[in-house]
Amino acid sequence: MHLDMDAFFAAIEQLDNPEYRGKPVVVGADPQGGKGRGVVSTASYEARTYGIHSALPISQAYRLCPHAIFVRGRIQRYVELSRKIIEIIKNYSPVVEQISIDEAFVDISGSLRLLGSAKEIAVKLKADILQQTGLKASVGIAPNKFIAKIASDLEKPDGLTICEQGHEKAFLAPLPIRKLWGVGARTEERLQKLGIHTIGDIAAFDVKKLTEKLGVWGFGLWKLANGIDNRKIGTQHKRKSISEERTFNEDVADYTTVEKTLFKIADELSRTMRRKALKGRTITLKLRLEGFDTFTRSKKLTDYVQDADSLRAVVVGMFRQFPINERKVRLVGIAVSQLNTLGGEQLPLFENTPANNKELEKLLDELKQRFGEKVIMRGSFMKKK
Ligand code: TTP
Ligand code: MG
């Protein structure tokens, strides 16, 4: 079973603010009367009828529907409900693999004798979630993960879609290739040139020819299209990355400002990582330049890191090397991936990492926790009066 909540952030806003119900709600950056610069996190289904969707620039969302209710996210509340939903799911099976804030795979094959058919389980689970949280979920049930995930999306919102064993190929055949994992606009175009429009077209395509055209990846696609996916549902799925980004109010031409912002983000990210006892080995710089061109640069380190100094050094290094050609910067962000929980860490052997720094960061965390964010800050963040 794959379960995915409907318009998750927006549905929670409608839940907590009854006056928003039945209306277009857009969760995301501040639209600032159409001049806002961030993006849409998600939109209620009412707002989607205007063409608003996740990742759309907020200014465009404003243009499409200026009378929508625009709200900033309240991530803590969303996490709280996400946890509650996972707990409810665990009443139906202990094998739950959460894959994002609002979706999870559930292996219900061991629950059938106790709880009834797959469909009965899904109906009860959806009703439980609605009753205990006031939120609606869409569920897909299939013989494997890949099809279950596709199925949960087909009848959204409040959907329940089942693909019976033995019907995998027939179920997939009429669907557009976009539904296949990893097929974006570019691949879609390449496949269409080969006369491929549906998943059924891929399944029927000569596998050798497809592999010639697309490489091993073509073989992967062909297998999925034929309903073959043997991945198990893993319970202790780890979070893959942690990130923070900032959209500037105006495109920034002064790169010192950009670097300072990177410092700030590194500081915050490092604090979050300490709070969650995480460290990471791959550091990614995200850069969006004027005109919305977006780039990422990653670096894999030899050691797992968590401290702000390391994050800063790596991202600023990548930023300085980036062929920016005097273009202005719209957004910067940092992501840390290849995460690991703390303990048993390999300390760098040949680098000079002052133990003092760790102590300092710990102290800063404690101060901020006790006296608030602004009680102490690095000199480089201070504004000249
Ligand atoms: P999704 O499940 O992709 O979207 P959704 O739950 O809002 O809508 P639906 O599933 O009914 O199509 O993502 C879950 C939440 O994650 C979403 O409510 C907000 C957040 N999110 C973002 O912040 N940015 C994004 O680009 C996406 C896709 C999601
Ligand atoms: Mg969802």
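Worth knowing before you read on, the calculation uses all heavy atoms, side chains too, and leaves out hydrogens, waters and symmetry mates. Note that ligands are numbered from 1 as they come in the structure, with each ligand's atoms numbered from 1 the same way.
Within 4.0 Å of ligand 1, the residues that place a heavy atom are Asp4, Met5, Asp6, Ala7, Phe8, Phe9, Ser41, Thr42, Tyr45, Arg48, Ser54, Asp102, Lys156, listed by chain and number.
Less than 2.8 Å away from the Mg ion (ligand 2), the protein contributes these N/O/S atoms: Asp4 OD1, Met5 O, Asp102 OD2.
Both tests do not hold together for Arg320 against Phe322: distance to the six-membered ring centre under 6.0 Å, angle to the ring axis within 45°.
Residues Lys119 and Leu160 have side chains in contact (heavy-atom distance under 4.5 Å, counting atoms from C-beta outward). Within the 4.5 Å cutoff, side-chain heavy atoms of Asp307 are placed close to those of Glu361.
Between the side chains of Glu103 and Ser152, not a single donor N or O lies within less than 3.5 Å of an accepting N or O. A donor atom on one side chain and an acceptor atom on the other are found under 3.5 Å apart for Arg288 and Thr294.
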Show every donor-acceptor pair shorter than 3.5 Å between a side-chain atom in residues 4-11 and any protein atom, with sequence neighbours excluded, or say none if there are none.
unit_1	atom_1	unit_2	atom_2	d
Asp4	OD1	Lys156	NZ	3.2
Asp6	OD1	Ser138	OG	2.8
Asp6	OD1	Lys156	NZ	2.8
Asp6	OD2	Asp158	N	2.7

Would you list the atom pairs, donor with acceptor, under 3.5 Å between side chains in residues 186-196 and any protein atom, with sequence neighbours excluded?
unit_1	atom_1	unit_2	atom_2	d
Glu188	OE1	Arg178	NE	2.9
Glu188	OE1	Arg178	NH2	3.3
Arg190	NH2	Lys213	O	3.2

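Taking 4.0 Å as the cut-off between side-chain N and carboxylate O, Arg312 and Glu259 do not count as a salt-bridged pair.
Taking the six-membered ring for Trp and the full ring otherwise, the centers of His2 and Phe146 sit at least 6.0 Å from each other.
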